[in-house]
Amino acid sequence: MTPDIPNTMTHRYFPHTPAEIDEMLARCGVSSMDDLYADVPAELRLKAPYNLPSSMTEKEVRDFFNTLGAKNRQLTCFAGGGFYHRYTPAVIPAILSRSEFLTSYTPYQPEISQGTLQYIFEYQSLMTELTGMEVSNASMYDGATATAEAMMMSVAATRKRNTVLVSATLNPRVRRVLDTYARYHGITLEEIAQADGVTSLDSMKELLAGGKVAGVVLPQPNYYGIIEDLTGFADAIHEAGALMIINCIAADLGVLRTPGEWGADIACGDAQSLGMPLLYGGPYLGFLCCSRALIRKMPGRIVGATTDAKGNRTFVLTLQAREQHIRRDKATSNICSNQGLMALHTAVYLSLLGPQGLRDVCAASADGAHYLAQKLAATGKMKLTYPDKPFLNEFAMTCNFAVDNLLATCIEHEILGGIKLADDRILIAVTEMQTRQQLDRLVEIVSTTNLPAKS
């Protein structure tokens, strides 16, 4: 409650004029704002103005935040691990900042939400094409929670089974989220062993033999950047009566075999790699796609196209759980407006680049990554951890020095050198954003710096 109410409408974003406030107070049968809080003890009420800084002009506000932002260090980023430094085409923020998109909310009323419903429909269409699946929702908070939802879908779909297998090569950050969701949903997680950096088919078959597995979560590519050969996995999983879930890096599907082609029942992951800036951790977008048979088990919402009474093409919410809005204790998930905005971001990015453009982005990233891996190995100080395994734009290197020393040295040279996997192992990612000069600069640091051996 504010101590005073202005007599005039001086702030255009305040929703109510003094006259409107007086009208509402009269309808409530009170004469003042204080009367509304008569039941609140006087000692708990605010008796002084809010402790806010004095007002600034628009220029002063811009100068303040520009000065604040200048304190951030802009580093050349070779860190990945599920989130990547990607280019955002200028058209995307231009479209997202339009008021009809930026301020839109959940499209409860289709007759006034055609624009929002259309871009969600287009997003779904693009994601089903990208993943090779039949159905896409719109959408999830991020890739980790989307994978957790996929895990719960498998349990709901198979009934009387509450065990889910998870590959040891899955991103550990995603695994921790799965652990949390599983703990509070009565799901048992068992880990499939890895062999030479990839998921062990034999280990999975042994775990499936008990006949209690609802789903199997597999990565593609995996946490070490390796493109896994999933031949035979779908057959073994389906023969055991379980569902196959593939956690993907969205951009990589521009050149890799789709989850649908691998025989997956559910595809999930993060769409951040589709041109979303890192932005200190978000907002990002979790995608969740599945076969038509699982559509009733999918959380979120699905938009469909139809025709109105005049034969015009229109869009409607074809499927959404009523419990999302009313019986929230029964809800499968509750999706916020921001995820609609990120779905629009993805739809614009994919439609702008098209299949060939996405392949070009993947090719540029792969070319840079393989060039850098070869140059780093040539220094004699590093070698590929899994030299016989294929990778796209991310790879693990084993070092003859302490990784912490390399990362600290890189920071001194305005470079984020990668992600530490172990004292002597590092995960390095390359995208279309690094120049050849920046790649060579990292190689130069490794080759010329006296890096102490690991302890």
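Fair warning: this is a prediction, and the values are worked out from it, not measured in the lab. Positions are given from 1 along the sequence.
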Answer yes or no: is there a donor N or O on one side and an acceptor on the other, between the side chain of [X] and the main chain of [Y], under 3.5 Å?
X: Gln438; Y: Thr76; result: no
X: Gln374; Y: Tyr371; result: no
X: Asn137; Y: Pro299; result: yes
X: Thr449; Y: Val446; result: no
X: Asn66; Y: Arg62; result: yes
X: Thr431; Y: Ser365; result: no
X: Thr258; Y: Glu261; result: yes
X: Glu134; Y: Arg292; result: yes
X: Ser203; Y: Ser200; result: no
X: His413; Y: Thr409; result: yes

Response to the item:
So CD1 of Ile187 and OG of Ser154: to nearest 0.5 Å the spacing works out to 6.5 Å
Worksheet entry | Derivation of the side chain to side chain contact (heavy atoms under 4.5 Å, CB included) call for Val216 and Leu208 | CA-CA 9 Å; Val216 179; Leu208 286 171; 4.0 Å; yes
Response to the item:
Paired with Phe315, the ring-ring contact (aromatic ring centres under 6.0 Å, His included) test is passed by just one of Phe121, Tyr123, Tyr119, namely Phe121
Discussion item. My understanding is that only residues two or more places apart in sequence, or in another chain, count here; which of them pass ring-ring contact (aromatic ring centres under 6.0 Å, His included) with Phe83?
Written reply: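 ring-ring contact (aromatic ring centres under 6.0 Å, His included) list for Phe83, sorted by chain: Tyr284.
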Worksheet item: Given the rule in the side chain to side chain contact (heavy atoms under 4.5 Å, CB included) test, do Glu432 and Arg86 qualify, once you have shown the distances and angles that lead to the verdict?
Response: CA-CA 7 Å; Glu432 74 278 14; Arg86 295 287 188 180; 2.8 Å; yes
Counting C-beta onward and ignoring hydrogens, is there a side-chain heavy-atom pair between [X] and [Y] closer than 4.5 Å?
X: Asp424; Y: Phe401; result: no
X: Leu96; Y: His345; result: yes
X: Met127; Y: Thr346; result: yes
X: Thr88; Y: Met276; result: no
X: Cys289; Y: Cys268; result: no
X: Met151; Y: Val166; result: no
X: Leu218; Y: Ile237; result: yes
X: Val361; Y: Tyr349; result: yes

Might you point out which heavy atoms bring [X] and [Y] nearest each other, and give the distance in Å?
X: Gln124; Y: Arg301; answer: OE1-O, 3.7 Å
X: Thr318; Y: Val303; answer: OG1-C, 3.8 Å
X: Val177; Y: Ala144; answer: CG2-CB, 3.6 Å
X: Arg161; Y: Ala240; answer: NH1-O, 2.8 Å
X: Met140; Y: Leu288; answer: CG-CB, 4.1 Å
X: Leu442; Y: Cys410; answer: CD1-SG, 3.7 Å

Can you pull the side chain to side chain donor-acceptor pair (under 3.5 Å) pairs that have at least one residue in [range], sequence neighbours excluded?
range: residues 271-282; answer: Asn72-Tyr280
range: residues 384-396; answer: Tyr84-Glu394, Asp196-Lys389, Thr385-Thr398, Tyr386-Arg425
range: residues 228-248; answer: Thr147-Asn247, Thr169-Glu228, Thr199-Glu228, Asn222-Glu228, Asp229-Thr231, His238-Asp265
range: residues 183-192; answer: Arg175-Glu191

Do other residues, nucleotides or ligands put more than 12 heavy atoms under 6.0 Å from [X] [atom1]?
X: Lys375; atom1: NZ; answer: no
X: Lys381; atom1: NZ; answer: yes
X: Arg73; atom1: CZ; answer: yes
X: Glu129; atom1: CD; answer: no

Practice prompt. State, without any angle test, whether Thr306 and Arg313 hold a side-chain donor-acceptor pair at a distance under 3.5 Å.
Written response: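 Side chains of Thr306 and Arg313: no pair found under 3.5 Å.
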Worksheet item: Do Arg359 and Gln356 meet the criterion of a side-chain donor-acceptor pair at a distance under 3.5 Å?
Response: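 Yes, side-chain donor-acceptor contact under 3.5 Å.
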Fill in: With sequence neighbours excluded, residues passing side-chain hydrogen bond (donor to acceptor under 3.5 Å, both in side chains) with Arg98
Glu100
Item to complete: Pick out which of Leu294, Val217, Ile246, Thr131 makes a side chain to side chain contact (heavy atoms under 4.5 Å, CB included) with Ile266.
Response: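 Looking at Leu294, Val217, Ile246, Thr131, the match for Ile266 under the side chain to side chain contact (heavy atoms under 4.5 Å, CB included) is Leu294.
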Worksheet item: Taking the six-membered ring for Trp, are His370 and Phe395 ring centroids under 6.0 Å apart?
Response: no
